[in-house]
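Working notes for the structure below.
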Amino acid sequence: MTNINFYGAVGEIGGNKIKVDMNSTSLMFDFGMSFNEVGKYYDNFIQPRKANGLGDFFELGLLPKIKGIYREDYLKHMGLDFEHNPSIDGLLLSHAHADHADYIKYLRYDIPIFMSLNSKIIMDVIDEITLGKELVTYKRQFELVPRKRGDGYTPIRSPDNQVKRNLNVLEPYKKENIGDVEVQLAPVDHSLPGASGFLIEGDERLVYTGDLRFNGRCRDYTKEFVKQASKFSPNIMFCEGTRINSEKHKKEKDENGETIEYLELEEDIEAKAYPIISECKGLTVINFPLRDLDRLVTFRNVAEQTDRKLLINTKQAYMLKLIEEQNNEKTIYPSLNDENIGIYISRRGSGYLGDESYVSYDGDWQLSTDNDLLLKDYSKWEREFFEYDNVYTYRDVRDNQENFMIRADNFSFMELIDIQPENAIYIHSTTGAFNTEMELSKKITDNWLSHFNIPQYEHFHVSGHAKGSELIEMIRTINPDVVYPIHTEKPEEFDVLKEDGINVIHPELAK
C-alpha cells in the first residue's frame, strides 16, 4: 500500500515537499521553501539564525520533523540524534525554482537526488554565484579542529569542510530503479530549463506533474508528458494547480483603467514587443526573470529583428555557457557567441573598470588600468568572460544607446547612472506584484524610471503555469483513479473532475 505525507504545497502555491512510501522504497518529491510561511516571520533582511541550526525552522513549522533526512552538523549542533543511514531512498527534483529546491541545502549529503541535466546545471550555477545556497556542495559547520600551530581549536577550513551531494541526472523516459520502484523522468515546459514531471511504478503507478504549462517554447514537452502519462494509466496523480481558476478571475483593466492585453504564447510577447522596440530611438531596458531562458530567446529574437544586441549579465551568461557545453544535443537557447547577444560587465567593488576611476599608486593618482586590480573585483567563474569578443561595459552602451537592449532589474538599475540613458524605454516582462514585498519593489522600479524619465511598458509576460481549462483537460486525458491538487490556493476547482469518475482528494498537511 502507498503511504503519502504532504509537508508543503497544501492550500498554497509552492513549498513542495511530498513523501511517498511505496513498496519498501521511500521517496521525497521536491524540497522547497514555502513563501507564504516564511513571509509570516521573515523578509530579505530578517532570516532564520544559522546559530540555531534547524531550530528556528522546526519551531515555526518551516521544515518537517522527519528523522534521517537532515545534515549531521546542523542536528548535532542542536543536540539532536543523527541517524546512521538516510530514511529516504531518494529525492526527485522537478526543477530548480526556490519553492521546489531551496531547502535541499538542509538535507544530508548522502540522499541521492534525481533530476534533469539542465536542472543540475542551474543548481551548479546557483551554488557558484549565490553565497550560502549549498544545493550542490555544502560547508560543514560548527566543527573545530586542532590548530596547526599553538594550542586550541579552530573552525574546519576548505577544502576539508567541503561536502558534495549525491546528484544524479536522469535521461528522459529512461526507466531507472530507485529501491524497488521504477522511475521515469518526463520533461515538461515551464519558465526555466530542465523542468520535469515523474512517472513512478511500484505496487501502484503514480504521476507527479511538477510545474508545467502549454504556452512556452518547449510546450511539446508537456504534450508528450500528457501522452506518456495517459499510456502509463496511473492510479495516483499529484497535479499542480497554480492557475486552476485563471479563467474565472481575469482582470480586464489595470490600476490605471487601461485594458490589459492578455498574451497566450511566449511568441506573443515577441510580436508585441517588436513594434515598440523598433520605434525606440535610444536604449531599451527590459526586466525579465534571470532563469527564464525562454524569455531570453524572445528578446534575443527581437534584438535580431531590430538590429540590436541584447546585453545579459554574467550570471545569465554563465548559465548559457554551461547549458551549451554540457548538452549533447542542440538546445533552443542561443550560444554566447550569437551575434545578437552581448555580455554586460558591471562595475564592482573598487570600480576599476571605469575610465573615470582613479587609483593612488604611492600617492600618485592615475587612471585605473591595471587588469590584475580589475579582476580581483570579480569571481573566478566570471573572469573568463573578459576574454570574450562580445563583452560590453557602460561606456559602450552610453555612447551607442540605440544599438542595445539591456536586461536590468532593481539590483542593476544603478547601471543607469553610468549609462545616462536618453530616449530610453522600459519593458516589464515578469509577473506583476501580488504581495506587499513585490509592491514595494515595484515602487522602487517606478522611482528609478521616473528619475531618468523612462516610460514604462507593462504586461509583456506569460505565465509559467497551465491555465485551469488546460489542467482539467490534461487530467481527464491522463485519467488517474485519484488526483491530489497541490501547489494551488483553490483545490476545490478540481472537484469538477468527480463528474468523470476521478476521485479528487484534497491533501492535508502531515503533522
Side-chain angles (χ1 to χ4, degrees), residues 8-9 12-18 27-35 90-105 107 112-127 130 133 135-136 165 167-173 183-200 207-222 224-226 229 238-243 266 288-296 315-316 319-320 322-323 326-327 331-333 430-431 462-466 471 474 486-488:
E12 65 172 331
I13 295 172
N16 287 38
K17 293 182 285 290
I18 304 169
L27 296 175
M28 184 73 73
F29 291 82
D30 290 334
F31 209 71
M33 175 195 296
S34 167
F35 295 130
L91 184 149
L92 305 180
L93 179 67
S94 65
H95 62 288
H97 274 150
D99 58 335
H100 293 255
D102 227 35
Y103 283 171
I104 285 175
K105 61 187 172 185
L107 296 177
I113 305 175
F114 301 89
M115 68 200 78
S116 68
L117 173 59
N118 282 340
S119 285
K120 183 183 180 300
I121 290 172
I122 293 175
M123 288 178 68
D124 285 333
V125 171
I126 293 170
D127 243 37
T130 310
K133 280 297 184 181
L135 299 180
V136 175
R165 297 191 183 278
L167 304 187
N168 302 269
V169 171
L170 299 181
E171 296 181 22
Y173 296 109
V183 175
Q184 296 180 64
L185 178 141
V188 296
D189 184 29
H190 189 39
S191 52
L192 86 171
S196 306
F198 290 95
L199 313 180
I200 317 295
V207 168
Y208 178 64
T209 65
D211 289 355
L212 49 69
R213 64 180 178 180
F214 294 85
N215 58 338
R217 294 185 181 274
C218 295
R219 49 188 172 269
D220 285 346
Y221 287 171
T222 307
E224 181 64 19
F225 164 77
V226 175
F238 300 149
C239 185
E240 76 116 319
T242 307
R243 298 178 63 217
E266 184 68 31
F288 61 91
L290 183 70
R291 300 175 208 170
D292 191 344
L293 298 191
D294 272 32
R295 196 63 45 84
L296 187 152
K315 294 179 179 179
Q316 279 188 316
M319 197 182 315
L320 281 181
L322 294 187
I323 286 176
Q326 297 185 32
N327 280 269
T331 72
I332 68 166
Y333 310 117
T430 185
T431 187
V462 295
S463 176
H465 302 271
L471 290 171
M474 175 183 72
I486 59 170
H487 203 284
T488 181

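Bear in mind that the values here come from a model prediction, so they are computed numbers and not experimental data. These numbers come from the heavy atoms of this one structure, side chains and all, not from hydrogens, waters or symmetry mates.
- Take D102 and apply the side-chain hydrogen bond (donor to acceptor under 3.5 Å, both in side chains) test, not counting sequence neighbours, and it matches K133.
- With values rounded to the nearest 0.5 angstrom, H95 atom NE2 is found 7.0 Å from D30 atom CG.
- Applying the salt bridge (Lys or Arg N to Asp or Glu O under 4.0 Å) rule to D189 yields the partners R213; only residues at least two apart in sequence or on another chain are considered.
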- Task: Could you walk me through whether H100 and H190 pass the ring-ring contact (aromatic ring centres under 6.0 Å, His included) test, one step at a time?
- Result: CA-CA 13 Å; H100 293 255; H190 189 39; 7.4 Å; no
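- Partners of D211 by salt bridge (Lys or Arg N to Asp or Glu O under 4.0 Å), not counting sequence neighbours: none found.
- Every residue meeting the side chain to side chain contact (heavy atoms under 4.5 Å, CB included) condition with F114, not counting sequence neighbours, appears here in chain and number order: L92, P112, N168, L170, I178.
- Take S119 and apply the side-chain hydrogen bond (donor to acceptor under 3.5 Å, both in side chains) test, not counting sequence neighbours, and it matches S116.
- The backbone N or O of P187 lies less than 3.5 Å from no partner atom in the side chain of S196, so there is not a single donor-acceptor pair.
- One N or O on the side chain of R219 and one on the backbone of G216 form a donor-acceptor pair closer than 3.5 Å.
- Applying the ring-ring contact (aromatic ring centres under 6.0 Å, His included) test to Y208 and every residue at least two apart in sequence or in another chain returns F29.
- Remark: S191 engages no residue in a side-chain hydrogen bond (donor to acceptor under 3.5 Å, both in side chains) (not counting sequence neighbours).
- Legend: residues meeting ring-ring contact (aromatic ring centres under 6.0 Å, His included) with F214, ordered by chain and number and at least two apart, are absent.
- For residues 115-126, the pairs satisfying salt bridge (charged side-chain N to carboxylate O under 4.0 Å, His left out) are K120-D124, with sequence neighbours left out.
- Not counting sequence neighbours, the partners of R217 by the salt bridge (Lys or Arg N to Asp or Glu O under 4.0 Å) test are E270.
- Looking at residues two or more places apart in sequence or on another chain, you find no salt bridge (Lys or Arg N to Asp or Glu O under 4.0 Å) involving R165.
- Residues that satisfy the ring-ring contact (aromatic ring centres under 6.0 Å, His included) test with F288, not counting sequence neighbours, are F299.
- Here I13 contributes atom CD1 and S34 contributes atom OG; the two are 11.0 Å apart, rounded to the nearest 0.5 Å.
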